[in-house]
Structures are given as structure tokens and as C-alpha cells.
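Each remark here refers to the structure printed beneath this line.
Quick note: residue numbers are just sequence positions, from 1.
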Amino acid sequence: MTRIVLPPDARPETLALDAGLDIAPETREIQPTVSMSVNNMVTPGEGAFSASGLEDIAAEPYTYARWLNPTVRSLEMRMAALEGAEDALASATGVAAIAAVFLTFLKSGDHLIVSDVTYAGAAELARSILPDFGIEVTPVNLSRPEELRAALRPNTRLVHCESPCNPLLRLTDLAEVARIAHAAGALVSVDSTLATPVATRPLELGVDLVVHSMTKFINGHGDALGGVTCGRRALIAKMRGRAGVYLGAALSAGNAWLILRGIDTLFARMRQISASAQKIAAFLEGHPAVLSAVYPGLPSHPQYALALRQMDIPGGMIGFRTRDPQAMARQLSERLKVAHYAFSLGHQRSIVTLLDTEEMIGGTYRLTGAAEEDYRAYAGDGIFRLSVGLEAVEDLIADLDQALRG
């Protein structure tokens, strides 16, 4: 295989198309190929039967697909290039990527600080599973640096945040969190799924590890699960040698190929989606059936100044509140014709769903006291999460208008 060598100053739009692209010498195809083989031939003395003791598995020859696969490796290199990282580790899902970070850098007796509102899979993994392994977990509103400082302990090893957070679209000042955590000797990881590299590049702000659920906007077509972690080579090598081999959550070559296809249009998609979301958010904010709208691109967002500083585009996610959200959820599910009432996000089609506050507070996040008050202030009795797609913005606005009016 011949790897495309891009100019060192290639822009992100070009990296999204050609970083990590291998050209097959026989056919000279310019579309990535899918290597579906689980096993590769080796010569005696080449490769290893066990990963134990290998310093950098990515430098080893291809032997077994759970360790390393050519198609998956191309995807890792492309994501690393987009994030400005030295390396990346792909995994079967976004939750698998988060688990890989937690179970590589935390052990019994360590302390994790996690955003009090984050993706449900991450929140429940941190609060329900990690304590079983002797890992202490403290949820913190990381939009308030003083709360992070107060929560730090001598055994704090990792601070995990999300910006924007799902579903409140609350932002975290990543540079400030990194500064505070590093002063205490802790690593910082951020789930940047909702932002994507088009909006935010956390490593440039001092973060150590960037996680994406590639299932969402990175793939952008709703047809492939995948996760990735990007960061310094030494950190990723440690993850690959532990979680990448022993947790068994390897990304399939077929899904890697589909996600590579999605990344080809990532910048064009996200820019159109964000432009549409800006118009839709402004429309929702003024709609008589809407109590409030939350979007990083609206001046009414509590962290609008941070959004301007930290995000190149506001992104494709909108939150909005209505009266009697349960009744409105039924109304939207029955009346929407262009947007779809469904879970998940980041598809090419617009998706809306209600996230019930009582369920989120009592189940997913288990919030109490000031944290519960913060959540209710944003979400009321429930917040609708709208993932904007690629439909004509005029059609989406008309569809939302007729569905909200009933």
C-alpha cells in the first residue's frame, strides 16, 4: 500500500479527505478499501502471540484484527490528523472509547472527577460501575472552575468533561479546566462528540485526550457504530496495550470504512447543519409554543462568549422547552413530517426527542441539591433535544411550526 503524503500545512478540510489514505498498488483506487481479514500471514520471528510487553502495538505488523486492522488504522490516522493528535485508538462504540480511557488511567484507590451532566452511557458507567472497582467518583459542574478546584484530591487522576454537554448544551472552558487539573497532576479527557473537530479542537486548548462517538456526526449517516480517542502517542499506546487488546471492543473494518466515507463530507455537512441550526434556534426562541431555546450560537446562551471563543461553529444540536412536555412529545411524534421523532443524534436526517427531567435526575444522573437545581433551571420538566440534519432549513422550520402549533 502507498500512503498519501499531504503537505505539512494541509488544512482540516483536506485532512478530512486524505489523511491516512492508502492507495492499493495493484488497482490504484483512491477510495479506501476494506480489509476484512481477521488474520495476516507472518514470517517466523515476526509479530507476537501475546501483547504483553509490547511497547507500541501500532508499530507491530498486522497480525490479528482485534489488535490492528489496516482499514481501522487508516481511520485512526485520519481522526488523529483532524484533532491535531499524535495518535488515535478506535473502538467499537463511543462508550467503549470512554471505558477505555477510564479503565486505562484509573485503578482502585484513584479518584475521578466527571461532569455532573454528560452522555448517559458515560454517566452511568462512572457512577454505577467504576465504584465496584474501588474507583472514587465525584460529579462536578465543570462549567464552574471553583467547583473543580474544591473537588480535587491528592488521588485525583482524571477529569472527564463534555462540551457541549448532552443534553443541556452547557459548555466547559476546556483551557481553564486543563490548567486547573494539570496543576493538580491529573489528566483531562473530553467527550467532543457534539462539537466535532469542525467546531472545537480540544488538544489545542490543553486537553490530554479527546473522545468521540463516531456513530454520531463524524459518521453522519446513522449506519455505523464507532468510537475513538485521540491524544499523545504515549497515552494512546498505553490505551492500545491495555483497553485496545484486553477489553475486546475492537472496531470492525466494515464500520471503519463507512465512517471514513462519512468523514469525507464532515466539514461540508457540519457547516450546513450549523447554519441551519442557527436559523432554527432563532425561530424556536421566538415561537409561541416554546418557553426557551438553548443553542451555543444564540446570544441568550449563558456561555455565549465562551462559545465564540472556543467554537468555530455553534454546531448542530438545539435544546428547547415547552409547556406540558409529555403532551408535546406525543404531539410532535404524531405531527412531524420532515423531522423524525427518535433517539440518537448526528444523522443526516433531523431527529428530535424529549428527555424527561425526572428520569434524567433520578435515574441517569442521580442529581441532588444545587446540581438538581441547575439541571431544572436549564431543562424545566423536560428538554427536547433536536439534532439538525441536512434537509432544507425552510422545510424544517415549517415542519416544526405546524407540529408545535398542533
Side-chain angles (χ1 to χ4, degrees), residues 94 119-120 164-169 193-196 198-199 212-225 258-259 261-298 301 307 311 313-322 325-356 379 382-406:
Y119 174 62
C165 75
N166 183 5
L168 299 184
L169 303 184
T193 295
L194 300 194
T196 79
V198 183
H212 291 280
S213 171
M214 296 189 293
T215 309
K216 311 304 192 302
F217 289 111
I218 297 291
N219 175 43
H221 291 74
D223 55 9
L225 295 168
L258 287 169
I259 295 168
R261 170 219 54 188
I263 295 176
D264 284 348
T265 60
L266 175 63
F267 279 79
R269 283 189 292 106
M270 288 308 301
R271 285 169 177 162
Q272 178 177 330
I273 285 169
S274 186
S276 294
Q278 184 73 50
K279 295 177 181 178
I280 294 168
F283 156 76
L284 288 171
E285 191 170 46
H287 196 281
V290 174
L291 297 175
S292 63
V294 181
Y295 181 65
L298 289 176
H301 191 286
M311 304 178 74
I313 59 173
M317 300 301 301
I318 302 169
F320 64 94
R321 294 170 50 193
T322 69
Q326 296 292 345
M328 181 59 76
R330 291 190 294 272
Q331 181 173 310
L332 292 178
S333 69
E334 293 169 358
R335 296 186 61 88
L336 286 171
K337 297 179 175 62
V338 178
H340 301 263
Y341 194 89
F343 284 106
S344 199
L345 55 95
H347 292 214
Q348 73 273 43
R349 296 177 177 87
S350 295
I351 295 174
V352 62
T353 191
L354 172 67
L355 297 175
D356 180 77
I383 188 167
F384 286 92
R385 185 181 67 188
L386 171 59
S387 173
V388 177
L390 294 170
E391 302 93 344
V393 66
E394 296 85 358
D395 292 340
L396 283 170
I397 288 175
D399 189 41
L400 288 165
D401 185 35
Q402 63 82 26
L404 285 164
R405 290 182 185 277

- prompt: Would Phe217 and Met317 count as a side-chain contact (heavy atoms from CB on, under 4.5 Å) if you check the C-alpha gap in whole Å, the side-chain angles of each, and the deciding distance to 0.1 Å?
  reply: CA-CA 10 Å; Phe217 289 111; Met317 300 301 301; 3.8 Å; yes

Is there a side-chain contact between [X] and [Y] in this structure, where contact means two heavy atoms from C-beta onward sitting under 4.5 Å apart?
X	Y	result
Arg405	Pro288	yes
Phe384	Arg321	no
Tyr295	His301	no
Leu354	Tyr341	yes

task: State which residue, out of Leu390, Val388, Asp401, fulfils the side chain to side chain contact (heavy atoms under 4.5 Å, CB included) condition with Leu396.
output: Val388

Any chance you could measure [X], atom [atom1], to [Y], atom [atom2], to the nearest 0.5 Å?
X	Y	atom1	atom2	answer
Ile273	Glu391	CD1	CD	9.0 Å
Asp395	Lys337	CG	NZ	12.5 Å
Gln272	Phe267	CD	CZ	15.5 Å
Leu169	Leu298	CG	CG	10.5 Å
Arg335	Leu400	CZ	CG	12.0 Å
Asp399	Ile280	CG	CD1	10.0 Å

- prompt: Can you name the one residue among His212, His347, Arg261 that meets side-chain hydrogen bond (donor to acceptor under 3.5 Å, both in side chains) with Asn219?
  reply: Arg261

- request: Would you please say whether a donor-acceptor pair under 3.5 Å links the side chains of Ser213 and Lys216?
  value: yes

field: Trace of the salt bridge (Lys or Arg N to Asp or Glu O under 4.0 Å) decision for Asp264 with Arg269
entry: CA-CA 10 Å; Asp264 284 348; Arg269 283 189 292 106; over 6 Å; no

task: Decide yes or no on side-chain contact (heavy atoms from CB on, under 4.5 Å) for Ile383 and Phe320, but give the supporting numbers first.
output: CA-CA 6 Å; Ile383 188 167; Phe320 64 94; over 6 Å; no

